[in-house]
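Single-structure report; data block below.
To find a chain, count down the sequence lines: A is the first, B the second, and so on, and within it residues start at 1.
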Amino acid sequence: MDFKQKIIELIKKNTKLKTDEISNLLSVPPNPDLGDFAFPCFKLGKNPVESANKLKDKIKIPDFLEKIETKGPYLNFYLDKANFTEKILTNIQKETKNYGKGREKKKILVEYCGPNTNKPLHLGHVRNMALGNAVVRILEFQGNKVIPVNIINDRGIHICQSMVAYQKWGKKQKPNKKGDHFVGDYYVLFSKKSKEDPNLDLEAKSLLLKWEEEDPETHKLWRKMNTWVLQGFQETYDRFGIAFEKEYFESEIYKQGKEVAFEGLKKGVFEKNDDKSITAPLEKFGMTNKVVLRGDGTSVYITQDMFLAQQRYEDYKFDKLLYVVASEQSMHFKQLFKILELLKRKFAKNLHHLSYGMVHLPTGRMKSREGTVVDADDIMDEISELAQKEVEKRYKNLSKKERKRRGEFISLAAIKFFMLRSDASKDMVFDPKASLSFEGETGPYIQYTHARANSILKKADVKITKVNYNLLQEPKEQALISLLSKFPTKVEETARHYKPHIICRYLLDLAQAFNEFYHACHVISEDKKLMEARVVLVAATKQVLANGLKVLGIHAPEEM
RNA sequence: GGGCCUGUAGCCUAGCCUGGAUAGGGCGCCAGCCUUCUAUAUGAGAAAGCAAUUCUCUGAAGGCAGCUGGAUACCGUGGGUUCGAAUCCCUCCUGGCCCGCCA
């Protein structure tokens with residue numbers, strides 16, 4: 001039983017309140033002077049100050065508490081420091097990389113990334129990948145079985161546009177650069193040329209028809225170009241540090257939603273229109289009606305998603321399916337989930353759209369047709385270059401290889417942390433020049449703190465025998481220990497809300513507390529027993545920083 | 001017209017689910033911590049005087065993935081609920097996204 005539970009019991013014994021009520025009221029005071037837990041006494045009577053004092057007199061102080069005090073209408077509980085410190089620090093020493101791990105046992109599918117195979121991944125995908133990857137790791141750390149899946153949008157008119165341009169101007173060249181960029185260039189070329197020559201649009205349309213008729217030549221070209229693009233994506237995934245357990249291809253499933261549409265019609269959930277198209281009537285649920293199958297029998301975007309959801313259920317029997325997709329598709333998912341509910345799919349209530357805000361440039365919205373897009377690879381290159389320069393400034397004698405390695409993990413930390421540190425639901429402006437500093441609330445700051453902790457441990461050559469936890473009484477030490485104890489709750493909270501920014505904020509607080517601590521308290525000292533206790537504290541902090549970075553998908557370096 | 005999201009210092013952001021003590025961070029700004037330089041007729045002072053040397057002040061530059069201190073907030077607006085509202089409810093306003101037989 002943890003301390004909070006013990007205090008709840010204590011209050012329960014001495015008041016008429018129920019456990020739940022007390023649990024809700026009991027909170028952590030705004031600053032450490034006011035103790036470790038606080039209980040507001042407004043509910044105990046008309047005069048809360050008097051009630052607080054009465055309650056205080058009634059309670060006998062148990063071993064784990066140092067004291068109880070009243071401050072106005074609040075009853076403040078002070079934990080016995082040595083007892084608390086010992087419990088937390090020994091726990092971290094024992095559990096190491098599993099400290100904070102949860103015990104949920106669900107099977108969760110997370111769909112993210114969702115690229116189109118006509119152009120490279122861009123900044124929006126970077127946010128998506130950072131978020132998806134972090135959510136996967138956090139849910140895993142919470143104890144769940146998590147299966148990351150991708151949906152590849154590898155068919156449709158936009159794909160054919162790149163193909164037309166390649167046919168006309170590609171001269172059968174093989175890629176002379178990363179495959180996705182190579183193909184993307186033809187997509188941009190198509191957009192440019194089609195402004196002058198409207199016939200190109202017709203050509204793309206007829207190519208799409210040929211593709212649907214499974215014309216061998218067309219499919220051969222399509223497969224060839226897709227292979228180039230997918231190879232390029234794979235390189236980006238590897239660099240970003242993500243992997244998928246399964247990739248679903250739109251081209252393999254887009255036709256199969258039809259059965260679902262007919263099923264809905266039979267069940268009376270959908271309606272048939274005069275032109276033979278099929279509609280899901282959703283007006284009574286506060287949405288607009290949705291066509292789920294065209295008059296000519298071909299499927300639309302939502303048709304394949306209806307099928308794909310159930311396909312995934314058959315594949316994995318998930319307890320939960322998360323779609324990490326930008327907020328612009330909120331309506332689509334609202335409609336999709338409602339339709340599946342009307343079709344009485346038992347998994348319908350276990351679907352969740354994890355929506356995130358758009359990434360804007362200082363110049364406005366990104367438009368791939370107009371070339372005002374920042375490519376994922378380019379931004380990684382650019383930031384990596386910057387980071388390598390910073391590394392070089394600090395260490396003149398590093399090998400080029402090592403400098404590159406460091407620059408790379410630092411830049412990825414900067415990018416990922418920047419994408420994750422604020423609430424996903426908000427839009428953000430990404431200014432490549434100004435947004436990614438390495439100072440302040442950044443990934444590198446956390447990494448740096450981790451590296452510093454490590455370097456202290458290396459310097460402090462001491463044998464840990466029997467630690468006297470009583471020695472860690474300084475306010476900065478206590479503040480740090482108190483933060484360390486909160487990690488498991490933060491993980492739980494993050495997993496419950498799918499909000500990685502909670503862990504980001506926590507790591508910033510922890511890093512700051514640690515930096516303040518080691519400036520105020522010298523670890524390496526003549527007093528061996530004190531040094532021993534502090535070394536344990538530093539090691540514990542390093543461990544928790546590492547655990548936190550890991551669930552965000554960020555490397556925790558030993559030095560940088 | 002309808003739906004969803006959003007509004008917190010000059011800028012960015014946490015807190016809102018689950019109401020509670022002084023609204024927490026960061027950037028930027030100001031003042032320090034650290035390093036270097038400068039004073040060979042062209043800065044000043046101290047170590048009794050001179051020389052050497054050292055130190056202090058003043059000045060300048062640099063660095064800064066770190067630390068300390070400081071200034072900055074009608075929590076969009078108006079109302080309601082409550083002993084108590086950034087947080088819950090309602091009005092209005094701002095910005096964004098969506099409302100296609102595109103994906």
Once you apply a heavy-atom cut-off of 4.0 Å, does A:V391 come out as touching a base, just sugar-phosphate, or nothing?
base

Paired to B:rU94 by Watson-Crick or G-U wobble criteria (both distances under 3.5 Å) is none

Checklist entry - Taking the same atom, P, in B:rC75 and in B:rA86, what whole-Å distance lies between them? => result 8 Å

request  = Using the C1' atoms only, state how far B:rU13 lies from B:rU82, rounded to an integer number of Å.
outcome  = 30 Å

The answer to which of A:M560 and A:N289 contacts RNA chain B further toward the 5' end, by nearest nucleotide, is A:M560

Using a 4.0 Å heavy-atom cut-off across all strands, classify A:G72 as base, sugar-phosphate, or nothing.
nothing

Is the backbone of A:T19 close enough, under 3.5 Å, to the side chain of A:S23 for a donor and an acceptor to pair up by distance? no

Under 3.5 Å donor-acceptor, A:D423 side chain and A:S425 backbone: yes

Point to revise | A:K389 bridged to A:E385 by N-O distance under 4.0 Å | key: no

Against the side chain of A:V291, the closest entry in B:rG20, B:rU68, B:rC101 is B:rC101

Which of B:rC17, B:rC67, B:rC97 is nearest the side chain of A:N515? It is B:rC67

A:H353 NE2 to B:rC4 C1', in whole Å, measures 11 Å

Of the candidates B:rU6, B:rA103, B:rA21, the side chain of A:K426 sits closest to B:rU6

Of the candidates B:rG20, B:rA103, B:rG96, the side chain of A:H360 sits closest to B:rG96

Rounded to whole Å, the CD-C1' distance (A:Q335 to B:rC99) equals 8 Å

Checking N1-N3 plus N6-O4 or O6-N4 for Watson-Crick, or N1-O2 and O6-N3 for wobble, each under 3.5 Å, the partner of B:rC57 is B:rG43

Against the side chain of A:E441, the closest entry in B:rC67, B:rG26, B:rA103 is B:rG26

For the C1' atoms, the ones on B:rU87 and on B:rU8, what distance do you get once it is rounded to whole angstrom? 12 Å

From the candidates B:rC97, B:rA103, B:rC83, the one with an atom nearest any side-chain atom of A:F42 is B:rC83

Practice prompt. Under 4.0 Å between any heavy atoms, over every strand shown, what does A:T288 touch: base, sugar-phosphate, or nothing? Just pick one.
Written response: sugar-phosphate

A:H497 atom NE2 is separated from B:rA14 atom P, nearest whole Å, by 14 Å

Can you find a donor-acceptor pair, distance only, under 3.5 Å between A:N31 side chain and B:rU22 base? yes

Taken to the nearest whole Å, CD/A:E516 to P/B:rG26 is 9 Å

Of A:I157 and A:L34, the one whose closest nucleotide on RNA chain B sits nearer the 5' end is A:L34

(message) Taking the C1' atom in each of B:rG95 and B:rG76, what is the distance between them to the nearest angstrom?
(response) 11 Å

Inset, instruction - Quick one: label A:L293 by what it contacts on the DNA or RNA (base, sugar-phosphate, nothing), any heavy atom closer than 4.0 Å. - result: nothing

Dump the intermediate steps for side chain to side chain donor-acceptor pair (under 3.5 Å) on A:R452 and A:Y518, then the final yes or no. CA-CA 10 Å; A:R452 268 190 138 156; A:Y518 88 77; 2.5 Å; yes

* Asked: How would you label the contact of A:D509 with the nucleic acid (heavy atoms, under 4.0 Å): base, sugar-phosphate, or nothing?
  -> nothing

What is the ring orientation for A:W222 with A:W211, classed by angle as parallel under 30°, tilted 30 to 60°, or perpendicular over 60°?
-> perpendicular

Notebook entry, point to check: If you measure from the Lys or Arg side-chain nitrogens to the Asp or Glu carboxylate oxygens, is any gap between A:R155 and A:E212 under 4.0 Å?
Noted result: yes

- Message: Under 4.0 Å, heavy atoms only, any strand: does A:P48 hit a base, just the sugar-phosphate, or nothing?
- Response: nothing

**Prompt:** Using 30° and 60° as the class limits, which term best fits the ring planes of A:F430 and A:F418: parallel, tilted or perpendicular?
**Reply:** perpendicular

In whole angstroms, the gap separating P of B:rA65 from CG of A:L412 amounts to 20 Å

Across every strand shown, the nucleotide meeting Watson-Crick or G-U wobble geometry with B:rA51 (both distances under 3.5 Å) is none

**Prompt:** Does the B:rC5 base have a donor-acceptor partner in the side chain of A:S425 within less than 3.5 Å?
**Reply:** no

In whole angstroms, the gap separating C1' of B:rG25 from CG of A:L507 amounts to 14 Å

Exercise. Answer with base, sugar-phosphate or nothing: what part of the nucleic acid does A:R155 contact at a heavy-atom distance below 4.0 Å?
Key: nothing

Exercise for review: For B:rG84 and B:rG19, measure between their C1' atoms and round to the nearest Å.
Suggested key: 8 Å

Side-chain contact check for A:R294: nearest option of B:rU13, B:rG20, B:rC102 is B:rC102

Atom CZ of A:F418 and atom C1' of B:rG26 are separated, to the nearest Å, by 12 Å

Fill in: Full working for side-chain contact (heavy atoms from CB on, under 4.5 Å) between A:Y498 and A:L131
CA-CA 9 Å; A:Y498 315 121; A:L131 183 61; over 6 Å; no

task: Could you tell me whether A:R405 and A:E408 make a salt bridge, using a distance below 4.0 angstrom between a side-chain N and a carboxylate O?
output: no

Winner on side-chain proximity to A:Q512, out of B:rC67, B:rG26, B:rG66, is B:rG26

* Taking the P atom of each, how far is B:rA23 from B:rU91, in whole Å? -> 30 Å

Among the nucleotides B:rA21, B:rA65, B:rU13, whichever has the atom closest to the side chain of A:Y448 is B:rA65

Separation of B:rC97 atom P from A:Y356 atom OH, nearest Å, is 15 Å

Roughly how far apart, to the nearest Å, are B:rG10 and B:rU77 at atom P? 14 Å

B:rA71 -> Watson-Crick or G-U wobble partner, both distances under 3.5 Å, gives none

Considering only heavy side-chain atoms of A:A38, the closest of B:rA21, B:rA65, B:rU68 is B:rA21

Using Watson-Crick geometry (N1-N3 plus N6-O4 or O6-N4) or G-U wobble (N1-O2, O6-N3), each under 3.5 Å, B:rC17 is paired with none

Pairing partner of B:rA65, by Watson-Crick or G-U wobble and under 3.5 Å for both distances, is none

Answer for the Watson-Crick or wobble partner of B:rC27, both distances under 3.5 Å, is B:rG10

Exercise for the section: Go through the N and O atoms of the side chain of A:D296 and the base of B:rC101, and report whether any donor-acceptor pair is under 3.5 Å. Expected result: no

**Prompt:** Considering only heavy atoms and no angle criterion, is a donor-acceptor pair shorter than 3.5 Å present between the side chain of A:D33 and the base of B:rA21?
**Reply:** no

Exercise for the section: Look at all strands and tell whether A:N24 reaches a base, only sugar-phosphate, or nothing, counting heavy atoms closer than 4.0 Å. Expected result: nothing

B:rU53 and B:rG70, which share atom name P, separated by this distance in whole Å: 43 Å

Given A:M129 and A:C113, is the side-chain contact (heavy atoms from CB on, under 4.5 Å) satisfied, shown in steps?
CA-CA 6 Å; A:M129 293 189 294; A:C113 200; 4.1 Å; yes

